Amino acid sequence: MVPDNPRPSWEDYFMDIAMLVAKRSTCLRRSVGAIIVKDKRVLSTGYNGAPSGVRHCVEVGCLREKLNVDSGKMHELCRGIHAEQNAIIQAAYHGVSLKGASLYCTNLPCSICAKMIINAGIKAIYYHSGYADQLSEDMLKEAEIELVHLVIQQQGEDS
């Protein structure tokens, strides 16, 4: 007999964790979470927010909103660090190699994050939502990083 609720895949579990991590975000525009996994073990996590010791956007407001900057443009006009960047930085801070690991992220990475992901040696990206950055997709494809779009049903959503 097959159970009514089959066991979710590892990919589903890891994406659920990335979505939980996103709840720590202090960005006023978008909550993003990322985890880096190797051999079914979480190596690092990250969410988008200001650097350690610096006030967050929830405290001081969003410069990008004030200047009406479109998503995916002029990343330098932001107090925050992207979730993927924070996950890579956390691994480096603790001396953890990411070579051959997979990234699970609530959003497809931007081109700045894509460059960091490529140089960190990450080999696959599992993401939930897209992002308006064609350069990112082009570079990841050229670097032969596997992109997997995971659609995860949230609790309370109908089948």
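Just so it is clear, the model here is predicted, and its values are computed rather than measured.
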With a cutoff of under 4.5 Å between side-chain heavy atoms, which Ile, Leu, Val, Met, Phe, Trp and Tyr residues group with [X]?
X	answer
Ile89	Ile81
Val32	none
Leu63	Leu67, Val69, Met74, Leu77
Tyr93	none

ask   = Step by step, would you call Tyr126 with Cys105 a side chain to side chain contact (heavy atoms under 4.5 Å, CB included)?
value = CA-CA 6 Å; Tyr126 296 82; Cys105 193; over 6 Å; no

Could you report the tightest heavy-atom contact between [X] and [Y], atom names first, then the distance?
X	Y	answer
Asn86	Gly49	ND2-O, 4.1 Å
Asn48	Cys27	ND2-CB, 3.2 Å
Ala87	Ile36	CB-CD1, 3.7 Å
Tyr104	Met15	CD2-N, 4.0 Å
Leu43	Ser97	CD1-O, 3.9 Å

Let me check something: do [X] and [Y] share a hydrophobic cluster, defined by ILVMFWY side-chain heavy atoms less than 4.5 Å apart, either directly or through other members?
X	Y	value
Leu20	Tyr13	no
Leu28	Val60	no
Val96	Leu103	yes

Could you tabulate the donor-acceptor pairs under 3.5 Å formed by side-chain atoms of residues 109-124, not counting sequence neighbours?
from	atom 1	to	atom 2	distance (Å)
Ser111	OG	Asp133	OD2	3.1

Residues which pass side chain to side chain donor-acceptor pair (under 3.5 Å) with [X], listed by chain and number, not counting sequence neighbours:
X	value
Ser31	none
Ser136	none
Arg29	Glu65
Glu142	none

message = Enumerate the salt bridge (charged side-chain N to carboxylate O under 4.0 Å, His left out) contacts for residues 31-59, please, sequence neighbours excluded, ordered by first and then second residue.
response =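 Not a single pair qualifies under salt bridge (charged side-chain N to carboxylate O under 4.0 Å, His left out).
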
query = Does any pair with a residue in residues 66-90 pass salt bridge (charged side-chain N to carboxylate O under 4.0 Å, His left out), and if so which ones, sequence neighbours excluded?
reply =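 Listed by first then second residue: nothing to list.
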
[Y] backbone acceptor or donor facing [X] side chain under 3.5 Å:
X	Y	value
Thr106	Gly33	yes
His149	His128	yes
Gln90	Thr45	yes

task = Sort and list the pairs that fulfil ring-ring contact (aromatic ring centres under 6.0 Å, His included) and have at least one residue in residues 20-75, not counting sequence neighbours.
result =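 Sorted pair list: His75-His82.
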
query = Between Ser25, Ser71, Ser129, which is the residue that forms a side-chain hydrogen bond (donor to acceptor under 3.5 Å, both in side chains) with Arg30?
reply =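 Of the listed options, the one satisfying the test is Ser71.
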
message = I want to check something: taking the side chain as every heavy atom from C-beta on, are Glu146 and Val148 in contact at a cut-off of under 4.5 Å?
response =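 The answer is yes, as the side chains (C-beta and beyond) meet within the 4.5 Å cut-off.
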
query = In terms of side-chain heavy atoms, does Asp138 have a donor or acceptor partner in Gln134 at a distance below 3.5 Å?
reply =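 Indeed, the side chains of Asp138 and Gln134 share at least one donor-acceptor pair under 3.5 Å.
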
ask   = Passes side chain to side chain contact (heavy atoms under 4.5 Å, CB included), Leu150 versus Phe14? Steps please.
value = CA-CA 11 Å; Leu150 291 178; Phe14 292 134; over 6 Å; no

